[in-house]
Amino acid sequence: MKLAALFLDMPIRRKLTFIAVLSAGAALVVVALTLMVSQWFLVRAELVRTATSQATIVAANSASAMLFNDTSAADQTLAALSVQDNIEFAILHDKQGKPFALFVAAGQKPPQHHLPPPDEQHLFSATSLDVFQPIVFRGERIGSIHMRSSLDPVYWQMASSAALVAGAALAGLVVALVLISYMHPAITEPMARLVGLMGDVSRDKDYGIRAQFHGKDELGTLARGLNDMLAQIQLRDNALAQHRQHLEDEVAERTTALTEANRLLEKELVERKRADEKIRESEARYRGIFEYAGDIVYLLASDGRFISLNPSFERLTGWHPDEWIGRRFSPIIHPDDLARALDVFRSTLAGQATPVFELRIAKKLGGYFDSELSIAPVTPGGDIAAIGIARDVTARKQAEDSIRRQNEELEEKVAERTQQLVAAQEDLIRKEKLAVLGQVAGSVGHELRNPLGVMNNAVYFLQTVLTDADATTKEYLGIIKDEIAGAERIVSDLLDSVRTKPPRPEMIGASELIGRTLHKCTVPIGVRVVVDVSETLPPLWVDPLQMHQVLLNLIVNSIDAMPEGGMLEIRAGEGARAGTIVVSVRDTGCGMTPEQLGRLFQPLFTTKSRGIGLGLVVVKNLTEANGGRVDVESAPGAGSMFSVTLPAADTSVKRAS
Amino acid sequence: MSVEDKQGEMVKPVKILVVDDDRRIVKTTCDIVRVKGHMPIAAFSGEEGVATVKADMPDCVLMDIRMPGISGVEAMKGMKAIAPALPVILVSAYATDDLMDEARQAGSYAILSKPLEVEALLRIIDDIGLAKLRTLSI
């Protein structure tokens, strides 16, 4: 890394030199090594060839000496080897491997004895080459030769070769350096020129300078690019300079205008201040009225929002004015008064003046207070559409109400008293009539009942005897019988109206009572009867006979009210008060006028062409004697309904007793 | 409808004394009773009624309460003095409560109102006849 950094920081000239030396040196080293290695192998091969041929020659020369065991001849042959300076020693071994003859070069030690290998071969050590060669005579091996040659000559030759190659390489490097130093300016000089140019431009800011360039290599392109860039910068620099000049002109112009405007403004401010002071004085006056007025003073926008409210608003409503300013006035007005308030507001917006009017205004803690309101339109132009005053008139209103209430109470009392008087009068009349009736009833009743009894007996007799009479006769007998029954009812009513027997109450079911009564009546064909009795109804606690008479009278009245036919509804259900049962009889007949209703229970009052007006007197007397009450609902043409409220049997108590 | 018609029951004709000051009532009542198979006897005052009971004992008496002379209640007391078990049916056209109470206390068999409900009367007479029949058969 350090070396790489060092290389990067080097000037380009040094880099070029470094690259050249390194590449040339590397090439030379490779060539030298190749030469040396090939030389080494060549020299060695030469040595082996030479040594082997010498040994072969010696072996051939020594064969006869060996055959004849002539040691001296063998020694002479070996001694011939002394010519060769590199032979260290040579030994001949006989067939058994015993040394036969020996030659040792001057200054060399004799070799240690060892058995020669049977085959031809050579062995290298660091310093020498041993050659073993068999000695053969006519195809028979008779001995062997072992010869050692020194490797010194080989080393000498290698060393001299190496020195030669190194010298040549050194010379090559020197040549390369010389060449480099002559050629590098072709690259480094144009670069140095560009660097210098850039230095000049950035120092002087003179974008007019241009680079000189030759050739179309990368450096030429770089110089051209630099020139283009400089041209553009110069262009922009000129535009900027121009613009700056323009801006300066404009600023000058604007400054003049502002100064003038400022002068005018100052003048206006002075005027405004004077006017403001006047307005403030005026406002202070009106503000005082607004703040200290005892009534609510309000300003409204055209959409009905409060623009302003004075402190009286809080005193009267409990709300701080800020809670309502910006809100529409509708929610603060009593809902019943709102429609009128909106009407007034609309006509005010239309420019009409409105007289003072009253309305109720809500309070924060609930409720409303009565107020008297005035409202006036404000000349259009500003936000304020209307201005008005609301005055609390609760006290006055209360006084008015109190008077009105007293009046009403008084009227009510008068009406009540009148009604009481009328009722008392009616009661008096009723009692008077009843008293008179009482006097006549006894004798009249008795006197009428006897002839009725006779007639009844006679009819019964005839009906018994004339069993095979014609239909008309039987019908007429029936008519007489019914009329007698009618007359008898009048007599009974007359007697009962003046004297009510004490009732003997019993438990009796409403439906049983109604059924028994209906059974007694002759219902005309045109009248439809509807009976509706609640199944869960407790029994009545009344005198059955008396109630029977009550119902009978009511039903007969209803039937009489419907000469053209209609519907007769008899219902029984639980009364509004606990422990009561209401039995009602309703017809769809002619109905009664209020005037008739008022006199309904008066003795001797009747709407029928026939009848003496006692039926309802009896109904009332008997019902009241049984602890009940009679109510009537009727209108002309709408039929009538008589409701009899009676006590229900208290089943739990009765069962216990 | 005769007595024999009554489901074959042999109700002996009941002898019934009818007492009323109104002769037409007495007549019509007697006629009806007779037609129904009983034996009516007529009397037109309380005194006559008591005398009739003494002379010709009836099975029962039907008598008006209000009559000139002695009232029906007094007449009944007279009859009861003669025949305590005699059933006396009183009839009232318009009786005061006192009179009705007195009648009830004096032991009247039944009190009917005028005008008579004939069917009711006949039922009572039949009951009396059956009771008499039972007494005899015992």
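Residue numbers begin at 1 in each chain, while the letters A, B, ... track the order of the sequences.
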Checklist line | M67(B)/V19(B) under side chain to side chain contact (heavy atoms under 4.5 Å, CB included): CA gap, chis, key distance, verdict | finding: CA-CA 9 Å; M67(B) 287 183 292; V19(B) 187; 3.9 Å; yes
Item checked: Residue K474(A) excluded, over 12 heavy atoms near NZ under 6.0 Å ->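 Count over threshold, so yes.
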Check: Checking D31(B) against chain A: side chain, backbone, both or neither under 4.5 Å from a heavy atom?
Finding: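 Contact with chain A is through both the backbone and side chain of D31(B).
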Margin query: Quick check for you: to the nearest 0.5 Å, what is the distance between L545(A) atom CG and R516(A) atom CZ?
Written below: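 The CG atom of L545(A) sits 7.5 Å away from the CZ atom of R516(A).
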Notebook entry, point to check: Nearest 0.5 Å, what's the OG1-CD distance between T52(B) and E47(B)?
Noted result: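 The CD atom of E47(B) is 11.0 Å from OG1 of T52(B), to the nearest 0.5 Å.
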Notebook entry, point to check: If you count heavy-atom pairs under 4.5 Å with chain B, which of I484(A), N456(A), N450(A), L452(A) comes out on top?
Noted result: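 Looking at each option in turn, the highest pair count goes to N450(A).
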Next item on the list: Sort V491(A) into side chain, backbone, both or neither according to what part of it lies under 4.5 angstrom from a heavy atom of chain B.
Entry: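 It is neither, since no heavy atom gets under 4.5 Å.
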